[in-house]
Number of protein chains: 2
Amino acid sequence: MNTSNTTVEYLKQEKFLVAVDCIIFGFDSENIKLLLFKRRVEPLKGALSLIGSFIKNDLNLNDSAKMVLEESTGLKNIFLKELRTYSDITRDPGNRVISVAHYALIRINELDIENVEEHDAHWYDFNDIPDLIIDHKQMVDDAINRLRDEARREPICFNLLPKEFTIPQLQAIYECFYQKKLDSRNFRKKIVSFDILNKTTRKDKTSSKKGAFLYVFNKRKFKTFIAKGNRFQL
Amino acid sequence: MNTSNTTVEYLKQEKFLVAVDCIIFGFDSENIKLLLFKRRVEPLKGALSLIGSFIKNDLNLNDSAKMVLEESTGLKNIFLKELRTYSDITRDPGNRVISVAHYALIRINELDIENVEEHDAHWYDFNDIPDLIIDHKQMVDDAINRLRDEARREPICFNLLPKEFTIPQLQAIYECFYQKKLDSRNFRKKIVSFDILNKTTRKDKTSSKKGAFLYVFNKRKFKTFIAKGNRFQL
DNA sequence: GCAAAAGTGTTATCGCTACACCCATGT
DNA sequence: ACATGGGTGTAGCGATAACACTTTTGC
């Protein structure tokens with residue numbers, strides 16, 4: 001095995017600018033939202049865009065995206081996944097840039113407001129996204145489709161809710177994704193049958209006089225659920 | 001909008017080597033196979049690896065992967081999708097290289113044998129993959145998981161079979177993925193009920209005296225199927 | 001006491017699973 | 001004539017979908 005720092009073969013190759021862009025999703029009890037920014041550098045300064053950054057030599061792509069998220073939202077430990085690359089030669093008018101889009105789910109209530117305002121960031125309803133620079137609109141569309149699909153099969157929506165949440169809150173997210181009302185009896189029956197939530201004794205009273213019991217997602221129970229050969233499917 | 005060639009901001013940024021690697025799947029009527037290559041350049045020359053290449057300035061990632069596939073298999077119009085990026089700083093001992101893995105499904109019977117032998121390529125059973133260089137084994141594992149998952153929900157397995165194929169051939173692929181025998185009556189019932197195949201009047205007699213009718217995947221029918229709100233699920 | 005959301009059970013329907021025999025043909 | 005894989009139908013079961021009323025409590 002070759003252990004020198006840079007192999008001769010590699011020196012001949014062209015190098016590229018590489019960036020990460022983040023599609024940040026939130027949920028405000030009404031709708032799925034996306035966090036968009038006013039771009040601060042040329043080209044296209046001032047236009048609406050996703051938040052992103054060129055990567056540096058000391059971080060991999062995932063960590064680069066994490067850093068971007070932390071800087072723009074003040075949040076650590078965000079749910080984050082790679083979406084796909086965008087590499088058309090002329091996609092960026094400034095120069096060729098290969099961008100790796102990532103999508104993130106955050107809890108709006110934990111957001112650092114100051115940070116966000118400092119970055120000229122605003123939430124937009126996910127089914128009413130304005131035009132964005134370059135191919136960012138495409139990235140958003142792709143991310144929404146991916147998320148819609150993934151939400152059906154993986155327990156990821158919990159990342160949009162506070163650690164403790166109610167069943168009706170969870171249902172509301174799925175109703176946004178599917179764009180239709182769900183039967184609350186059937187929804188509750190299904191999610192409870194999975195046995196992946198812990199019911200607390202506390203109630204959330206922000207949306208009704210009666211209050212709804214708070215639940216917590218239990219990762220251990222979920223693993224057991226999967227180990228038994230079950231499939232999360234909503 | 002800025003229309004100059006390279007923006008000043010961009011000039012300060014670090015650039016990176018970017019490569020594509022291809023996980024090539026085939027099916028030989030018995031098992032899912034993977035095409036692996038003996039590496040020809042340092043570092044790690046002679047070791048087993050996926051086929052790949054540094055990208056050039058004139059092609060996007062998808063087209064770069066297509067070119068790699070064409071050069072190594074002699075095939076055009078291959079089913080090809082991006083898997084994910086691999087970007088750990090130290091993943092390549094030669095230098096930092098960001099690799100974008102792609103997976104491809106090809107029809108083994110159409111393969112250009114000469115081309116393949118020229119490239120020191122050999123087929124390996126997908127559940128008995130030897131050690132590969134760098135993180136290529138990880139790429140393969142990720143690709144297999146992705147494919148297993150995608151095959152359930154998207155009609156992609158047809159890309160592993162000749163244009164005309166039999167129902168038992170198709171079933172065999174799914175039996176490989178699930179690693180269990182399926183009931184032929186139920187399998188046939190399900191796939192026929194989708195109404196996305198055209199039955200021909202011809203038969204394939206390579207695996208039985210009686211012969212099995214040949215079918216063709218019909219993209220138009222599939223679109224209708226989806227438009228009606230159905231879901232492909234096997 | 002009333003408005004508003006939370007919570008609860010039952011029935012009909014549909015789709016999936018399990019299962020066994022006849023058919024066509026090459027040797 | 002026999003061995004081999006191709007092709008077909010049905011019945012039982014489990015899961016989903018449809019549906020309406022009671023409970024709690026802040027105002």
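So you know, we letter chains A, B, ... as the sequences are listed, proteins then strands, and number each from 1.
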Asker: Checking B:Thr166 against B:Asp204: is there a side-chain donor and acceptor pair closer than 3.5 Å?
Answerer: no
Asker: A:Lys205 side chain N/O closer than 4.0 Å to the phosphate oxygens (OP1, OP2) of D:dG26?
Answerer: yes
Asker: Under 3.5 Å, is there a donor on one side chain and an acceptor on the other for A:Tyr86 and A:Asp142?
Answerer: yes
Asker: Tell me the interatomic distance from B:Leu234, atom CG, to C:dG15, atom C1', rounded to whole angstroms.
Answerer: 14 Å
Asker: So, does the side chain of B:Lys210 form a donor-acceptor pair with the base of C:dA24 at under 3.5 Å?
Answerer: no
Asker: Tell me the interatomic distance from B:Lys209, atom NZ, to C:dC22, atom C1', rounded to whole angstroms.
Answerer: 17 Å
Asker: For DNA chain C, determine which residues of residues 182-192 of chain B have any heavy atom closer than 4.0 angstrom to one of its atoms, and list them numerically.
Answerer: B:Asp183, B:Arg185, B:Asn186, B:Lys189, B:Lys190
Asker: If I take atom CZ in residue A:Phe165 and atom C1' in nucleotide C:dA5, what distance separates them, rounded to the nearest angstrom?
Answerer: 18 Å
Asker: When the distance from CG of B:Asp204 to P of D:dT4 is rounded to whole Å, what number comes out?
Answerer: 19 Å
Asker: Can you tell me how far P of C:dA6 sits from CZ of A:Arg202, to the nearest Å?
Answerer: 17 Å
Asker: Of all the choices, D:dC27, C:dA6, D:dG7, which nucleotide is nearest to the side chain of A:Ser207 once you look at every atom?
Answerer: C:dA6
Asker: Measure the distance from CZ on B:Phe232 to P on C:dG15 and round it to the nearest whole Å.
Answerer: 17 Å
Asker: Could you state the CG-C1' distance from A:Leu214 to C:dG7, rounded to the nearest angstrom?
Answerer: 15 Å
Asker: Assess A:Lys199 against A:Phe213: is NZ or CZ under 6.0 Å from the centre of the six-membered ring, and within 45 degrees of the ring's axis?
Answerer: yes
Asker: For atom CD of A:Glu30, is the number of surrounding heavy atoms from other residues, nucleotides or ligands below 6.0 Å larger than 12?
Answerer: no
Asker: Flag this pair as yes if the NZ/CZ of A:Arg152 is under 6.0 angstrom from the six-membered ring centre of A:Tyr178 and inside a 45 degree cone about the axis; otherwise no.
Answerer: yes
Asker: Assuming nearest nucleotide by heavy-atom distance, tell me which of A:Ser208 and A:Lys199 is located more 5' along DNA chain C.
Answerer: A:Ser208
Asker: Does a sphere of radius 6.0 Å around CZ in B:Arg231 hold more than 12 heavy atoms from other residues, nucleotides or ligands, not counting ones at 6.0 Å or beyond?
Answerer: no
Asker: When the distance from CZ of A:Arg231 to C1' of C:dC16 is rounded to whole Å, what number comes out?
Answerer: 16 Å
Asker: Side chains of B:Tyr215 and B:Gln169: do they bring a donor and an acceptor to under 3.5 Å?
Answerer: no
